[in-house]
Amino acid sequence: MEYPFHEIEKKWQKIWIDKGIFNATDCSDKEKYFVLSMFPYPSGKLHMGHVSNYSIGDAVARYKMMEGYNVMQPMGYDSFGMPAENFAIQHNSHPRLTTEDNIDIMRGQFNSMGFGFDWDREVSTCRPNYYKWGQWLFKRMYEKGLVYRKKSFVNWCDDCQTVLANEQVEDGACWRCGKEVKQKEMMQWFFRITEYAEQLLDFSGMIDWPERVITMQKNWIGKSYGTEIVFPLEEGEGDIPVFTTRPDTIYGVTFMALPPEHHLVRKWLEEEKEGSDMAAFCDKVLKEDKAERSADDTVKEGVFTGRYCINPLNGDKVQIWVTNYVLMEYGTGAVMAVPAHDQRDWEFAAKYDIPVKIVIQNPEEELVLDNMTCAYTEPGVMVASKQFDGMKSTDAITEISKYIEAENMGKRTESYRLRDWGISRQRYWGNPIPIIHCDQCGTVLVPDEDLPVLLPDDVQVGKTKQNPLLSAEAWLNTTCPKCGGAAKRETDTMDTFVDSSWYFARYTDALNDDQPFSKENADYWLPIDQYIGGIEHACMHLLYARFFHKFMRDIGLVSCDEPFSRLLTQGMVIKDGAKMSKSKGNMVDPGDYIDRYGADTVRLFMLFASPPEKDVEWNDEGVVGAFRFLNRIWRLVEQNLHIVKKFHKHYAEDIEISRDIKELRYSTHFTIKKVNEDIRERMHFNTAIAAVMEHLNNVSSIKVENLTDNEKVIFAEAIAVIPRLLYPFTPHICEELWKMMGGTSLLHKVGIIEHIEKFLVKDEITYPIQIMGKLRGKLDVPASTPIEEIKKLALEVDNVQKHIEGKTVRKVIVVPNKLVSIVV
RNA sequence: GCGAAAGUGGCGGAAUUGGUAGACGCGCUGGACUUAGAAUCCAGUGGGAGAAAUCUCGUAGGGGUUCGAAUCCCCUCUUUCGCACCA
């Protein structure tokens, strides 16, 4: 017989929601705990990744509820964006309709898993009451000078008809559709995230972030210290600033390398005839997409522009080349090339026969130009560098920089790999950018009182190749808020990462119609105590959200510096050794398993199979194992219900207790301690659950018939503890068992159970005995035995005698309560 | 190439600060119950030797520190993840 999980789960899910136990109280006197799991795209189908994520979050939330915190665990939907648009196209409907349908389905699925979400705070990014405040934040950013528009080369996907962030290009292909990405020059809206680069490098506000994620963000931001040096052009107006971390090599510059996107190159191209070598080369390179250009096997190529600039330090004429290996986005978008001391420049110079000049000598072994096979990039002694000759190159970095600054040829500076965040998307299903273009007044912000700029419904989704918003003429044509003349709306919508960069704050005051959220609520709830999400968000979402948070702090919306105190990056769900995905055909539908075994079983398996930060291998037999365990508990309680009801909550006198029962009591309190520690200190639910399983085995081995009344009290306690310990993992069955046992309040109110230390004191200890590190015997002694006595007794053990025969015992080490080690 | 994490039975994984390696679960083997199956219960389960007591090998490989190492140190290998023409 299986336990009636179906009825039980439905029953308790209804009770919890009816009683509103997951509804958090704003600004209460109680201490708050904010648990947040990454909100999903409402696909209409819960998948195992969700189940894993939210099972972890719910375990934390429920445990904190038991501890008496005012817990908020909200849920919402990241519902703008291409997947929702594509979903509607496939179903021949409108994304507004399909999205709301899918949200209803998913809310039902979450409830059927028993996740404790506060539905009063539900957020969906495509609803006007949410995206209104996204537009409002855009405006505040604009006013702060953090928004700008520039013409730039962008990754363009023909198939999706949209611009992609560099991060959204994977191996030269669109991360969503997999089609090849091209380069296109367009006007784009940008957020000046680089303004916050320095602050984003400060991780001191994180209480508990995985080192891995911090390292990834640091690398992503990629700060380096160097010097900006200005090379004037030989002819005509203008100069070329370069950024270098190696100013010590400045006297070895033999050419200047520019990317085809460089503004000087664009200018020279206009001056030249079509079909010149330079034009042909630039065309060719620009057609290749960025990822391909920066792939490590790409051959370095270039064309001489026929122009020169002047090395400001020695007046040398320096050839200017257009190349495919310089990145427009990094530094100043120009490289002073020093073939003798940079491998990339070396390769390029060798290919095009450009001179090489040694300016740093290897102190170990003299460099001779004709014998060199690669660049010398190590530090050394300065040569051919005028007044700096003889200096250590490491010192010359500072000295030359000082000289450059003194002579007004440049300045010391920092450079970041991080680039500004292009947020323009030429798509329909996104948050409209609140901008109006007026022929008279130029770019005008939509006034606050006109927000939100509603996304029009009557557009032809998916029919047109261009942005559908261009076809919504009634919406597109408007009047200028400044001059009242005819004007057009901005048709770009925002990247959905913008929506997800501040949703956490909206949860603190999700229904507020007057502001994004009140300061009072935000100050009470933020920062988030525990955030749980996948590692894939390490560099994008988590960095963007930190940027937004810091911006919101700067305009006085929030007080704390960081949004997420603790971060848990949970592992993926694996099946047959690969990540579950549609393309691999190894998807498992959680719904099937909820129907067959119940939500508690699915949750239990997810948490038991591995620690949360590691991948979970989905295993059908393992699920059955989890189910079996719950059934064993159910039977145990049913069979002994009369004892539990009669004896639980009585006090056991320490008399007439058999050894077995004493051990059972030890097991009870040991398990309580273990479960609490595993959850509080490491969030290792797998070992916490294993401890309860072990305890169940201990309880099961007790013969009930022979127990005295006093012993039955201890036996009843051993059973009654189980639902209280498992509640965060399998809440439904635990509530039911607790009620069966006579419990009158819900388990989160009953609270955490703490162990009693005196029951963990053993009066007899088993010492393993090692001789030269090898286990040779065991010794049972009363706990009070003095160390000298233990030493004596250990040497008398039969098997020990056998092994020390004929040898000299040099030393006997007794580690109290642990072991005895004998050195011979 | 740089950076990070990891490598333990047939499998997922335990071993929190150096102290009985393999908890717990799955799988497998044998048994009980049953007309039979399912379910359940009992026993066993790292390799090798042995009737057993017990011995021996064993945490990717090699070396070291220690009474004692999966754990600490050095070298090598492998895997995963992140970054990478970053000037």
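Basis for what follows: all heavy atoms, side chains included, without hydrogens, waters or symmetry-related copies.
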Rounded to whole angstrom, note down the [atom1] distance from [N] over to [M].
N: U40(B); M: G47(B); atom1: P; result: 26 Å
N: C75(B); M: G22(B); atom1: C1'; result: 28 Å
N: A51(B); M: A43(B); atom1: P; result: 26 Å
N: A23(B); M: G37(B); atom1: C1'; result: 34 Å
N: G25(B); M: A14(B); atom1: P; result: 15 Å
N: G27(B); M: G9(B); atom1: C1'; result: 12 Å

Under a 4.0 Å heavy-atom cutoff, the residues of residues 667-674 of chain A touching RNA chain B are K674(A)
Under a 4.0 Å heavy-atom cutoff, the residues of residues 686-699 of chain A touching RNA chain B are N686(A), T687(A), A690(A), M693(A), E694(A), N697(A)
**Prompt:** For the base of C85(B), is there a side-chain donor-acceptor partner from K300(A) under 3.5 Å away?
**Reply:** yes
Describe the nucleic acid contact of [X] in one word from base, sugar-phosphate, nothing, applying a heavy-atom distance below 4.0 Å.
X: G625(A); result: sugar-phosphate
X: S821(A); result: base
X: R682(A); result: sugar-phosphate
X: Q770(A); result: base

Counting heavy atoms not belonging to D780(A), are there more than 12 under 6.0 Å from its CG? yes
query: Just wondering, are more than 12 heavy atoms of other shown residues or ligands nearer than 6.0 Å to NZ in K351(A)?
result: yes
Atom-pair distance ([atom1] on [X]; [atom2] on [N]), nearest Å:
X: L607(A); N: G25(B); atom1: CG; atom2: P; answer: 17 Å
X: K818(A); N: A69(B); atom1: NZ; atom2: C1'; answer: 15 Å
X: E681(A); N: A15(B); atom1: CD; atom2: P; answer: 12 Å
X: I679(A); N: U16(B); atom1: CD1; atom2: P; answer: 18 Å

With [X], which residues qualify under ring-ring contact (aromatic ring centres under 6.0 Å, His included), at least two apart?
X: F348(A); answer: F255(A), W321(A), Y325(A), Y352(A)
X: F670(A); answer: Y666(A)
X: H262(A); answer: none
X: F605(A); answer: W618(A)

Do [X] and [Y] have a side chain donor and acceptor closer than 3.5 Å?
X: Q801(A); Y: H803(A); answer: no
X: T249(A); Y: H341(A); answer: no
X: R635(A); Y: N640(A); answer: no

Are any non-hydrogen side-chain atoms of [X] and [Y] less than 4.5 angstrom apart?
X: I535(A); Y: V213(A); result: yes
X: L775(A); Y: I769(A); result: no
X: M409(A); Y: F231(A); result: no
X: L567(A); Y: D208(A); result: no

N/O donor-acceptor pair under 3.5 Å between N619(A) side chain and G622(A) backbone: yes
Q) Are the side chain of Q217(A) and the backbone N or O of A538(A) linked by a donor-acceptor pair below 3.5 Å? A) yes
Going 5' to 3' through nucleotides 47-57 of chain B and flagging B where a protein heavy-atom sits under 4.0 Å of the base, S where only the sugar-phosphate is that close, and - otherwise, we get -------SSSS
Glycosidic torsion of G9(B) (syn if within 90° of 0, anti otherwise) classifies it as syn
H669(A) meets the side chain to side chain donor-acceptor pair (under 3.5 Å) criterion, sequence neighbours left out, with E717(A)
Residues at least two apart in sequence or cross-chain that pass side chain to side chain donor-acceptor pair (under 3.5 Å) with R412(A), listed by chain then number, are E405(A)
Would you tabulate the pairs of protein nitrogen or oxygen atoms and nucleotide nitrogen or oxygen atoms of nucleotides 81-83 of chain B closer than 3.5 angstrom?
unit_1 : atom_1 : unit_2  : atom_2 : d
C81(B) : O2'    : R212(A) : NH1    : 3.4
C83(B) : O3'    : R417(A) : NH1    : 3.2

Tabulate atom names and distances for all N/O pairs under 3.5 angstrom spanning the protein and nucleotides 9-12 of chain B.
unit_1 : atom_1 : unit_2  : atom_2 : d
G12(B) : O2'    : A609(A) : O      : 2.8

Here RNA chain B, pairs taken as Watson-Crick or G-U under 3.5 Å and shown with ( ), [ ] when crossing and | when to another strand, reads (((((((..(((......[....)))((((((.......))))))((((....))))..(((((..]....))))))))))))....
Between R417(A) and E329(A), does at least one N-O distance fall below 4.0 Å, as a salt bridge requires?
-> no
For this session: Give a yes or no on whether a salt bridge exists between K673(A) and E681(A), defined as a side-chain N under 4.0 angstrom from a carboxylate O.
Result: no
Side-chain contact check for N324(A): nearest option of A87(B), C85(B), G13(B) is C85(B)
